[in-house]
Amino acid sequence: MRLCHDGSRCWMSLLFVYPPPLGGGWVGPARRLPCSGRGRAVRGGGRSGRWARVWGGRWLGGARAGGFTSAPQHSPARLSSAQHSPARHGSAQNNPAMPPPPGQTQLPDWDGLKLRVRTLIASHRVMIFSKSYCPYCNQVKELFSSMGVEYYALELDVTADGPSIQQVLAELTNQRTVPNVFVNGKHVGGCDATYKAYQNGTLQKLLGDVKDAETYDYDLIIIGGGSGGLACSKEAATLGKKVMVLDYVVPTPLGTSWGLGGTCVNVGCIPKKLMHQAALLGQALKDSRKYGWQYEEQVKHNWEIMVEAIQNYIGSLNWGYRLSLREKSVTYLNSYGEFVEPHKIKATNRKGQVTYHTAETFVLATGERPRYLGIPGDKEYCITSDDLFSLPYCPGKTLIVGASYVALECAGFLAGLGLDVTVMVRSILLRGFDQEMAEKIGAHMETHGVTFIRKCIPTQVEKLEDGTPGRLKVTAQFTEGPETFVGEYNTVLIAIGRDACTRNIGLETIGVKINENVSAKLVRRKRQDYVDQAIELESACSNQQLIKPTHLYMNGKIPVNEEEQTNVPYVYAIGDILEGKLELTPVAIQAGKLLARRLYGGSSTKCDYINVPTTVFTPLEYGSCGLAEEKAIEKYGKQNLEVYHSLFWPLEWTVPGRDNNTCYAKIICAKHDNNRVVGFHVLGPNAGEVTQGFAAAIKCGLTKELLDETIGIHPTCAEFGTLL
């Protein structure tokens, strides 16, 4: 294909894509149509179908037709075959009796090819992706033959979808050449890498001696049935491994427990977002009067109905997870797992029955649980987020202790449901997040009825009256001055942070290291000593990144390498329990899948923990991706940054006339890196939906110039990004 670099008229070759009767997609012969501009696809003809653009003779879906051979001068994204093959019709590969029409080529089924490649790798001791004419491939085959080792070789040059398989291998291993060698699911590499591994003994270790190898009950045991553990288990099972998942919820001091799925599904993201939505509906009812809706009766909220509906939905998710494990042939035990010796765990169920199981590899995905204050009455009378979402009665007047995102989210939706809510803050809001945004969130919550008590720490909680809810007395100490605070509440919710569930699963038995902080001694001191020491530590360490106030208790995090491997080679860890990693459900899911693929699918792709988007679902939602302004200044220097920011007023809020000059957005750009966006922050409705789109752009190296060149969608909140 000729590209019109000089703007002159040229011809553009196009492939016509016909949808066959049973789905799939066939590429027809190339046609030549006039090009109306550089890189512009031309739709022509009256027949039903779609045009697939060809760049330099290369079809965007990866298949060749029409004899084009030149290399593309651009790299547009590949068109997935799914875009041309409606899933409801099935695929031609699943119907071998349906050949492509004469002169047409079937589009690659990329997902199917990936599964095929991973299955080949997992099911053969030695798997060689080869080409029959390649001398280096023949050398590798001769090497294994000389070792008396059987291998399976797939000759890509004589396989119909060989080029597509090689492309899948490149995505899995970052190796674009052959031979591509795998041994027992591990990627070895090409000819040179294989010979090097042979010379230094690594290859022999990978091969092992099957006769002498120790046998285990399972290839993989995962301790923890949350999002990350489930993702890892299902991916490993898909790759042909025998997998067990153990999941057991230790009840809270008040006796609350839940089903399979982990924190996010049961006592985190899902119920939190649903209760947040309940609060937003209340605000929408107020706004509706200005839009002409008239209703006379007093609108009230029923806590019990909301909780029942949410718990019913969560129950359906629990059942779905169990069903998906069964479909993948993953063994699930609702038992507490504990290491008793290397490669061996003890599993104890709710009835106290004990079984023992061994595995070659273990993955720790135990997650975290809320931290308590360590003061009189906290576990006896207070609740945490583990209790709130299934609380059978309305909590009434509520004190929330802490300023974490969990604390502010709970405060926000409880206040939105019409409750009297107070937040007691020791130091700052949303530690670790951009502080300008955090303070704006706090200010907005105060204008909407949430009371904040700053620089204050509870020292005692007493019960004054039984009931559902009852009545509690809270005594607290201000951190600046000798004053004390005393207040009465129906419910006290503690949200001061979370600790990893790693201390009582026998990790010390097998030598897995966890983070134990020296300040743990403070837990056992008198409360006043703790307060004084906490203030002293925070002041002394305010400029040190490694020491934060949340570390005043042992957090039990596990240090791992970039492969999520602990100091014990056969034990890996994923999710919230990792030291220095993001505590987000999608991160755990991604890490779990990629870990399974590295262990058993020959992949070398690692989880990318950089520029991960997140959203805090406070009444004024806060979405962010990249660095907080404080962190950006620390990394780049203030003089090397440009900050673009603006207030905006959502159109939907103008008619009710509320919250003008409240929504806010800013981007932080690195001047000396082409004004690349290194921090994105937005406060406003649907901030999570807005942030997700910008996060993809930031991953691709978004700059301020590209934002300026982007045309916004009007009228939307998201268009602020094009107007800063």
Side-chain angles (χ1 to χ4, degrees), residues 221-232 245-253 257-258 261-269 336-339 345 362-374 379 384-386 402 404-407 431-432 494-523 546-561 563-568 571-592 595 607 609 612 614:
I221 290 180
I222 297 173
I223 304 178
S227 301
L230 293 178
C232 186
V245 171
L246 290 93
D247 187 64
Y248 183 89
V249 178
V250 177
T252 70
S257 62
W258 48 88
T263 296
C264 174
V265 169
N266 294 283
V267 290
C269 320
Y336 188 91
E338 182 180 1
F339 286 96
I345 61 166
F362 290 83
V363 173
L364 306 176
T366 51
E368 296 182 306
R369 296 292 291 272
R371 181 185 307 145
Y372 283 83
L373 288 162
K379 291 186 177 180
T384 68
S385 56
D386 282 357
S404 64
Y405 72 90
V406 175
R431 184 177 300 279
I494 300 173
I496 60 172
R498 302 170 68 84
D499 289 327
C501 301
T502 56
R503 292 192 185 81
N504 298 309
I505 58 174
L507 295 184
E508 68 283 354
T509 303
I510 59 172
V512 174
K513 294 179 180 178
I514 67 173
N515 173 32
E516 297 285 11
N517 296 285
V518 294
S519 55
K521 297 176 183 177
L522 297 175
V523 180
L546 293 179
I547 302 179
K548 299 179 181 179
T550 54
H551 289 175
L552 292 172
Y553 294 94
M554 299 178 290
N555 64 17
K557 298 276 190 173
I558 299 179
V560 295
N561 62 19
E563 303 266 352
E564 283 89 38
Q565 188 178 40
T566 71
N567 64 299
V568 176
V571 180
Y572 295 79
I574 57 174
D576 294 357
I577 62 176
L578 298 190
E579 179 69 40
K581 304 297 184 185
L582 297 168
E583 300 175 9
L584 297 169
T585 296
V587 172
I589 293 173
Q590 180 83 329
L595 174 58
C607 187
Y609 293 94
V612 176
T614 189

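Just so it is clear, the values below take in all heavy atoms, side chains as well, and ignore hydrogens, waters and symmetry mates. Given the structure is predicted, the values throughout are model-derived calculations rather than measurements.
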Heavy-atom check, side chain of Y572 versus side chain of V560, under 4.5 Å
no

So which heavy atom on G506 is nearest to which on E338, and how close?
N-CG, 3.8 Å

Which atoms form the tightest heavy-atom contact between I496 and Y372, and what is the distance?
CD1-O, 3.8 Å

Interatomic distance, Y405 atom OH to T614 atom OG1 [nearest 0.5 angstrom]:
7.5 Å

If you take all heavy atoms of C232 and I574, which pair is closest and at what distance?
CB-CD1, 4.3 Å

Test item: T566 side-chain N/O and V571 main-chain N/O as donor-acceptor pair under 3.5 Å
yes

Test side-chain contact (heavy atoms from CB on, under 4.5 Å) on I222 and L230 and set out the steps.
CA-CA 8 Å; I222 297 173; L230 293 178; over 6 Å; no

What donor-acceptor contacts under 3.5 angstrom involve side-chain atoms of residues 362-369, with partners at least two apart or in another chain?
from	atom 1	to	atom 2	distance (Å)
T366	OG1	C501	O	2.9
E368	OE2	K557	NZ	3.0
R369	NE	D386	OD2	2.7
R369	NH1	V250	O	3.0
R369	NH2	V250	O	2.9
R369	NH2	D386	OD2	3.4

Nearest-0.5 Å distance, CD1 of residue I589 to CG of residue L584:
10.5 Å

If you round to the nearest 0.5 Å, how far is CG of D576 from CG of L582?
9.5 Å

Roughly how far apart are I223 CD1 and I505 CD1, rounded to 0.5 Å?
5.5 Å

Within this structure, what is the CD1-CD1 distance for the pair I558 and I514, rounded to the nearest 0.5 Å?
7.0 Å

Compare all side-chain heavy atoms of R371 with those of T384 and state whether any distance is below 4.5 angstrom.
no

Which atoms form the tightest heavy-atom contact between S404 and A495, and what is the distance?
OG-O, 3.1 Å

Give me the atom names and distance for the closest heavy-atom approach of P559 to N515.
CD-N, 4.4 Å

Taking the side chain as every heavy atom from C-beta outward, state whether C607 and E564 have any atom pair closer than 4.5 Å.
yes

Starting at CZ of F339, measure out to CD1 of I510 and round the result to the nearest 0.5 Å.
4.0 Å

Residues T585 and C264: closest non-hydrogen pair is OG1-CB, 3.1 Å

Could you check whether any side-chain heavy atom of Q590 comes within less than 4.5 Å of a side-chain heavy atom of S227, counting everything from C-beta outward?
no

Would you call W258 and V267 a side-chain contact if the rule is heavy atoms closer than 4.5 Å?
yes

